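Since we're looking at a predicted model, the values are computed, not measured. Letters A, B, ... mirror the listed sequences (proteins, then strands); counts begin at 1.
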Amino acid sequence: MKIIGKKGSSDAYTQTTQTIHLSKILIISLVLFLIFIIAVLGYIDSLAPIPVDLEEDLVIARLTNVCLAATYPGTDTMQQNIIDVDKVTKESLDSCFVDDFGLTVRLTSNDDKINLYTSVGSTATNQYFVRYVLIKTPDGIIPGVLKVSL
Amino acid sequence: MRKRGGIGLNYYAMLGLALVAIFLIIMYDISDSVMSKEIPENIYLARDTALLIDTLQATPNDVFYTYPAHFDSRQITINQSIVQTTRLGERPAANEKHWFKPSNMFQLIYPNTIPAYYFDMYKLGNVITIGSNIDPVDTVSEETFLRADTKIKVTYDSSSLQKTLLKSFSENIKAAMQDQGLETVTSQETIELRIQNKADKFTIYYSQVNQQETKTLANKIRTFVPENIFTRAPIPTESTKPLVIIDFKDLSSLEDVTENKRLAVRVGAAFAKVYI
């Protein structure tokens, strides 16, 4: 019984050791595989990089060129980079993007006479992108700043 | 007992080796796809198309754009706000896609799948159309201006992608002629503005009776077009600098010119060149 007990312990020890080794192999393989996948995805991403802030620039361009842009009198031709104060509304932003897009817009004239704020949805960050624009008011066109948070 | 132990060892070893082999095969397959550039190209095409849609939605004027490259046996699938690219007939893969930001202001029209072969993108007013071999409906509008006795008639394609540009340009011609007068023009003249070859070039067709009058009018147009285009009809291009560049050319030597004098204005170069 004593001898058998020793052999049984030896077998169990061997199997336990093999199981541990197999687990180690699996874990190491899995980690290496994940590292490989991450490296490949990073490599692929680097092959088709999108310039920094390009997508944000396009969003802001949509605002300054189309959605908030003033029009030439008597036409529907947009005046790029000239913001119509009457268009800085939640309704304009709602129509500019689909419902789930978060956006905050602040429009301030250099003389501080105009200070508008409007927002739709929830923005991901508190970072503001700043654009120097002209503001079309009933009294004329004045310089100002458009701050957009996405 | 030793035999049983041996069997256990082989079993575990083979299982481990099989798993490692499976991982290696998967990694090789992924590496092969990446090195063949199929996946990167799909991702590139998806990103580029999505960014182009966002660009069209940020452009105030009408746009006609032909994608300047082709990807053999690839197709583009657009679904609400996602652009995906795959091989023809295949289902889109999870990672080969990119998002654009749809707008409630624009209507986006596209087929179920678009072959990635020099496909076209139009923005006409608030309608954006994406597909292959799209042609706008050819509808010509006319307007007559200047003094009644000179009978200058300008026609432009009211359905073309550059309708706004052409109409604005015709207004520039009108304004400049009114400013400068056209005493030398006595016969009926027609100026037709038309897009050529789906490119960023449009042509002024100028019908005339008298050769000398034609040249006189052409010279007058040549003198005022650049300034007026710059100040009254800004054209968006990829540069942030003032942009419109005009290649003003006598096209009488071109093959498609069979009658009359034709003047071409090419938009898009880096600076104005004037020929005549």
task = Side-chain contact test, heavy atoms from C-beta onward, threshold under 4.5 Å: evaluate it for A:Phe101 versus A:Leu150 and give yes or no.
result = yes

B:Tyr44 atom OH, neighbour heavy-atom count above 12 within 6.0 Å = no

inquiry  = For a quick check under 3.5 Å, do A:Asp111 and A:Ser109 share a side-chain donor-acceptor pair by atom type?
reply    = yes

key: Counterpart residues, ring pair (Phe, Tyr, Trp, His ring centres under 6.0 Å), relative to A:Phe36 (two or more places apart)   = none

remark   = Ordered numerically, the heavy-atom neighbours of chain B under 4.5 Å found in residues 85-96 of chain A are A:Asp94, A:Ser95, A:Cys96

query = Taking the side chain as C-beta and beyond, is there a heavy-atom pair between A:Leu116 and A:Ile114 under 4.5 Å?
reply = yes

message = Under a 3.5 Å cutoff, is there a donor and acceptor pairing between the side chains of A:Thr104 and A:Ser119?
response = yes

ask   = Is there a side-chain contact between B:Ile128 and B:Tyr122, using heavy atoms and a 4.5 Å cut-off?
value = no

key: Per-residue contacts, residues 61-70 of chain A versus chain B, heavy atoms under 4.5 Å   = A:Ala61, A:Arg62, A:Asn65, A:Val66, A:Cys67

request  = Could you look at A:Val40 and say if it's the side chain, the backbone, both or neither that has a heavy atom under 4.5 Å from chain B?
outcome  = side chain

ask   = Under 3.5 Å, is there a donor-acceptor pair linking the side chains of B:Thr85 and B:Gln75?
value = no

ask   = Hey, is CG on B:Asn112 packed in by over 12 heavy atoms from elsewhere, all under 6.0 Å?
value = no

inquiry  = At a 4.5 Å cut-off on heavy atoms, which part of A:Leu30 comes close to chain B: side chain, backbone, both, or neither?
reply    = both

request  = Pick one of side chain, backbone, both or neither for B:Phe100, based on which atoms fall under 4.5 Å of a heavy atom in chain A.
outcome  = neither

Any B:Met121 side-chain heavy atom under 4.5 Å of B:Leu52 side chain = yes

ask   = Should we count OH of A:Tyr43 as having more than 12 external heavy atoms under 6.0 Å?
value = no

request  = Please look at B:Leu51 and chain A and tell me whether the side chain, the backbone, both or neither of the residue comes under 4.5 angstrom of a heavy atom of that chain.
outcome  = both

query = Which residues pass the ring pair (Phe, Tyr, Trp, His ring centres under 6.0 Å) test with A:Phe33, sequence neighbours left out?
reply = B:Phe23

key: Part of A:Leu54 within contact of chain B (heavy atom distance under 4.5 Å)   = side chain

